[in-house]
Each structure stands twice: as C-alpha cells, then as structure tokens.
Amino acid sequence: MGHPPFKKDLQYYKFCLYGFLRNLRFFDPFLVLFFLEKNLTYTQIGTLYAIRELATNLLEIPTGFLSDTFGRRHTMIISFVFYILSFIIFYVFSGFLFFVFAMIFYAIGDAFRTGTHKAMIFDYLKNKGWSDQKVSYYGHTRSWSQIGSAVSSLIAAGIVFYTGNFRAVFLYSIIPYLLDLILIMSYPKSLDGPVSSLKKINLNSRFGELINIFLNVFKNIETLKIVNSLSLHSGYFKSVKDYLQPILHSFALGVPVLFFLEDKKRSALIIGAIYFIIFFLSSIASKKAGKVASYYKHLNDPLNLSLMIGLIAGMLSGAFYHFGFLHVAVILFIFIFLVENLRKPIGVGHFAERIDDHVLAAALSAQSQAKTLWGALIAVGTGSMVDHFGVGAGLVIISGWLLVLGWLSRLR
C-alpha cells in the first residue's frame, strides 16, 4: 500500500513558490522574436542556444560536485546571481557577441541550479519518509512552475504591449529572480545535504570520491538508457520550443481580430494568451504525472510512448506549418509542451530511484548534462535547417531524424 500521502507543509509551498517565481521568465514567449528583431539569422540563434547548452554542459558536473560539497543553498544563490547578470546584459547591450556573453552567464546560472533543487526536494522526501512518492510530489511542485510560466506569458504580453519593445522583458525578469534568491535563503539548513568543509577534508579527495561513485552508477546500461530517453526529449524540447514563436507570430497576423492595433502589439497579446493556455495545460499534465505513471507496471513504457508522441507531434507541426495550416501546426506544437511536462516527473523519479542519495545532485546534474549535449546538437542542426529550408521543413527534418534515433534506443 505504500506510505501515507505527503503533507502540504510549509516547505512544500516553498518548493512550489520557488518553481512559480523561477518560471516568471518574461522573455520566454518572445526570445526568438527578440533575436530576429536584432537581425540575427536562425543559424546564429541556434548557435547562441548551442553555446548556452555547451557552457552548461561543461559546468554542470563540477557545479553538481560543488553543491554536494559546499551546500545546496549557497549553490542556488550563486545561480540566481548569474541569471540576473545575464538579464542585465540582454537589456543593456545589443549584438551577437554581447548575446554570447549573456548566454554564457545564463548557462552558469543553469549549471549551478540544475539538479541541485531536485536533490533538495528528494532529500526532503527521504527525511519525511515519502521517498516512494517522488513522481507525484515532483509533479505537484513542477505544476506550479508551469503555472508560473502561464502567468509569465500574460505579464510578458502586457510588458511588450505597453513598452512597444521586446527588450524590456529582461529588465522585469530581474524582479522575480531576486525574490527567488531571497526564498532560497529561507530554506532550512538541513536541505544543504552532506556538506564537507574544506578544513575537514581534502578537496581533491572529495572530488575523487564523488567521481568514483558517479562512474559506478553509470556503469549500469539500463540507467544510461533512462538518461538517454529522458535527455533526448528534454534536449529536443529545449531546442525547438521557441520555434513556436515565429509560428504564432504568423498565426497572430492572420487572425481576424484586434485589427486596430499595430502588428507588434497585436502579435504580443495573441502570443501571450496562447502561451498562457499552453502553460496552464502543461501544469495539469505535470500534476497528473504520478497518476499516469501508476497505470503502468514499468515506467519504461510511458517514457517510450511519450517520446514517440512528442517527436511525431513536432514533425507533423512542421509539416502543417510548411503547407500553411497554421492553426493545426499550433495545436500539434502544444503537444510537445504537454509531453515534456508529463514525462519529465516520471523520468526524473525513475532515474532518482537508481541513484545513491549521497551523490544525487551530481547524478541529476549528469543527467541534465546529457540533455544539454542533445540540446546543443539539436539547436545548431535546427537553426541550420530552418535557414536553408524554412521553419516548417526544418522542424520536419530534425524531428524525423530524432524519431528514428529514439525508436532505435527505446527502453526495453
């Protein structure tokens, strides 16, 4: 029968508020449109995404170790400082080179954050005796992240509408990230995990110990396959999700509403409203992850099925966009968001079950590192394909290639 259901105590609400504030990224619905307005090509945009992913990749393992060595709260605080620096660069400066630096700073923030907060959640569940409810609990907290994204979309639309430019969204994104930094400082010290002071233990010895445990964990071929399945779709999602923006922009300009507004303001309102719907539905999908997982005897099955659905949806969305069926393309693209937010809690929970608690942050960062590798490859490939063949055909080519790869590497 398992343990009693988890309780929605103060820390539960802090975890939820953290996700809500972190996803108040007002630039999200307009990032590609912002870059296009700055006269960047899709190849340059893909390159910026790849730089972000590769920089994160290079830093995630060492920052995961730092989290397990110096304490997770301090690691998270550093993360939000770098995020804020990135937003400042995007707002103040312009040009591809400056955007490279902004992306690198954002990547440093991602590297310090990724895996660390999940490890804090799973450590808290272990302390409370709720470890068997990882999928459900993480799904609940992640659902609030999607609610944050939904609210963020409406606020972002308002910012672009009233300021008349995309740049302002970076300035306003600083506010919720400062609040999240303060929230992290209020977390109990018990969530820092096993901390080893440099005065008490040699740093090289600590890193060597963690690396050895990490290598032993990933000797298991089944664990590696789970990492690949989880990372493939997440990397794909992270790389192509913003291509919804030019699709929505074309869709918004063709919708017979709000004709009295100039194109940018009209587009901003429609894009913001559609993103609100997308993230609201994503929140429901994430919250239902535990229930969906309970229908399957083995979690490999929903992971395989959802991977195929997500990639097929991306391929069909590109095809319908290419042939001018914009409304169908938008609906199919939404499935990519829903699949990612349904399968991520399932995959992360499945993966966490196989990992030693003492290196959980490092191992989760390693899983995210695999995601960033996929993300970098897919980002460059998608940008190049889109520049050569257009948004629709580019999505078809990338999604089709990954569909074949995903089928060949499916979990058994």
Self-check item: Evaluation steps, salt bridge (Lys or Arg N to Asp or Glu O under 4.0 Å), between R72 and D192
Solution: CA-CA 5 Å; R72 295 165 185 161; D192 274 337; over 6 Å; no
Exercise answer: donor-acceptor pairs, residues 27-34 side-chain atoms, under 3.5 Å, sequence neighbours excluded:
{"unit_1": "D28", "atom_1": "OD2", "unit_2": "R25", "atom_2": "NE", "d": "3.0"}
{"unit_1": "D28", "atom_1": "OD2", "unit_2": "R25", "atom_2": "NH2", "d": "3.1"}

Quiz prompt | Residues D110 and R52 bridged, charged N to O under 4.0 Å | solution = no
Quiz item: Rounded to the nearest 0.5 Å, what separation is found between the CD1 atom of I398 and the OG1 atom of T382?
Solution: 4.0 Å
Quiz item: Do Y83 and R113 have side-chain atoms, one donor and one acceptor, less than 3.5 Å apart?
Solution: yes
Quiz item: Looking at A157 and A268, what are the two nearest heavy atoms and their distance?
Solution: CB-O, 3.3 Å
Exercise. Please work out whether the ring planes of Y124 and W130 are parallel, tilted or perpendicular, with thresholds of 30° and 60°.
Key: perpendicular
Self-check item: S145 and N23 side chains, donor-acceptor separation under 3.5 Å
Solution: no
Quiz item: Is the centre of the Y12 ring less than 6.0 Å from the centre of the Y137 ring?
Solution: yes
Quiz item: So, do Y275 and F279 have ring centers that fall under 6.0 Å from each other?
Solution: yes
Quiz item: Just wondering, do M185 and I77 contact through their side chains at under 4.5 Å, heavy atoms?
Solution: yes
Practice problem: Check G109 against S79 and note the closest heavy-atom contact, atom names and distance. | Solution: O-OG, 2.6 Å
Quiz item: If you round to the nearest 0.5 Å, how far is OG1 of T56 from NZ of K371?
Solution: 8.5 Å
Quiz item: Can you list the steps and then say if S399 with Y236 is a side-chain hydrogen bond (donor to acceptor under 3.5 Å, both in side chains)?
Solution: CA-CA 8 Å; S399 303; Y236 169 73; 2.7 Å; yes
Self-check item: Spacing of K265 atom NZ and E262 atom CD [to the nearest 0.5 Å]
Solution: 5.0 Å
Exercise. For the pair F320 and F325, name the ring-plane relationship: parallel under 30°, tilted 30 to 60°, perpendicular over 60°.
Key: perpendicular
Quiz prompt | Charged tip of R167 within 45° of Y91 ring normal and under 6.0 Å | solution = yes
Quiz item: Can you tell me how far the CD atom of Q11 sits from the CG atom of N127, to the nearest 0.5 Å?
Solution: 11.0 Å
Quiz item: Charged N to carboxylate O below 4.0 Å: is that the case for R22 and D180?
Solution: no
Quiz item: Does any non-hydrogen side-chain atom of E53 lie less than 4.5 Å from one of K238?
Solution: yes
Self-check item: Validation row: F93, I88 side chains within 4.5 angstrom (heavy atoms)
Solution: no
Give every donor-acceptor pair under 3.5 Å between a side-chain atom in residues 329-349 and any protein atom, sequence neighbours left out.
{"unit_1": "E340", "atom_1": "OE1", "unit_2": "H233", "atom_2": "ND1", "d": "2.9"}
{"unit_1": "E340", "atom_1": "OE1", "unit_2": "S234", "atom_2": "OG", "d": "3.4"}
{"unit_1": "E340", "atom_1": "OE2", "unit_2": "S234", "atom_2": "OG", "d": "2.8"}
{"unit_1": "N341", "atom_1": "OD1", "unit_2": "R142", "atom_2": "NE", "d": "3.2"}
{"unit_1": "N341", "atom_1": "OD1", "unit_2": "R142", "atom_2": "NH2", "d": "2.9"}
{"unit_1": "N341", "atom_1": "OD1", "unit_2": "Q146", "atom_2": "NE2", "d": "2.9"}
{"unit_1": "N341", "atom_1": "ND2", "unit_2": "F337", "atom_2": "O", "d": "2.8"}
{"unit_1": "R343", "atom_1": "NE", "unit_2": "S306", "atom_2": "OG", "d": "2.9"}
{"unit_1": "R343", "atom_1": "NH1", "unit_2": "S229", "atom_2": "O", "d": "3.1"}
{"unit_1": "R343", "atom_1": "NH2", "unit_2": "S229", "atom_2": "OG", "d": "3.2"}
{"unit_1": "R343", "atom_1": "NH2", "unit_2": "L303", "atom_2": "O", "d": "2.7"}

Quiz item: Taking the side chain as C-beta and beyond, is there a heavy-atom pair between L403 and I312 under 4.5 Å?
Solution: yes
Quiz item: When the ring centroid of F26 is compared with that of Y172, is the distance short of 6.0 Å?
Solution: no
Exercise. To the nearest 0.5 Å, tell me how far M76 CE sits from I184 CD1.
Key: 4.0 Å
Quiz prompt | Over 12 foreign heavy atoms within 6.0 Å of CZ, F96 | solution = yes
Self-check item: Lys/Arg cation over aromatic F166: K264, 6.0 Å, 45° cone
Solution: yes
Self-check item: Test of ring centre spacing under 6.0 Å for F15 and H117
Solution: yes
Exercise. Would you please say whether a donor-acceptor pair under 3.5 Å links the side chains of W407 and N304?
Key: no
Exercise. Measure across Y106 and S86 and return the closest heavy-atom pair with its distance rounded to 0.1 Å.
Key: CB-OG, 3.5 Å
Quiz item: Once you round to the nearest 0.5 Å, how far does CG of L59 lie from CZ of F82?
Solution: 9.0 Å
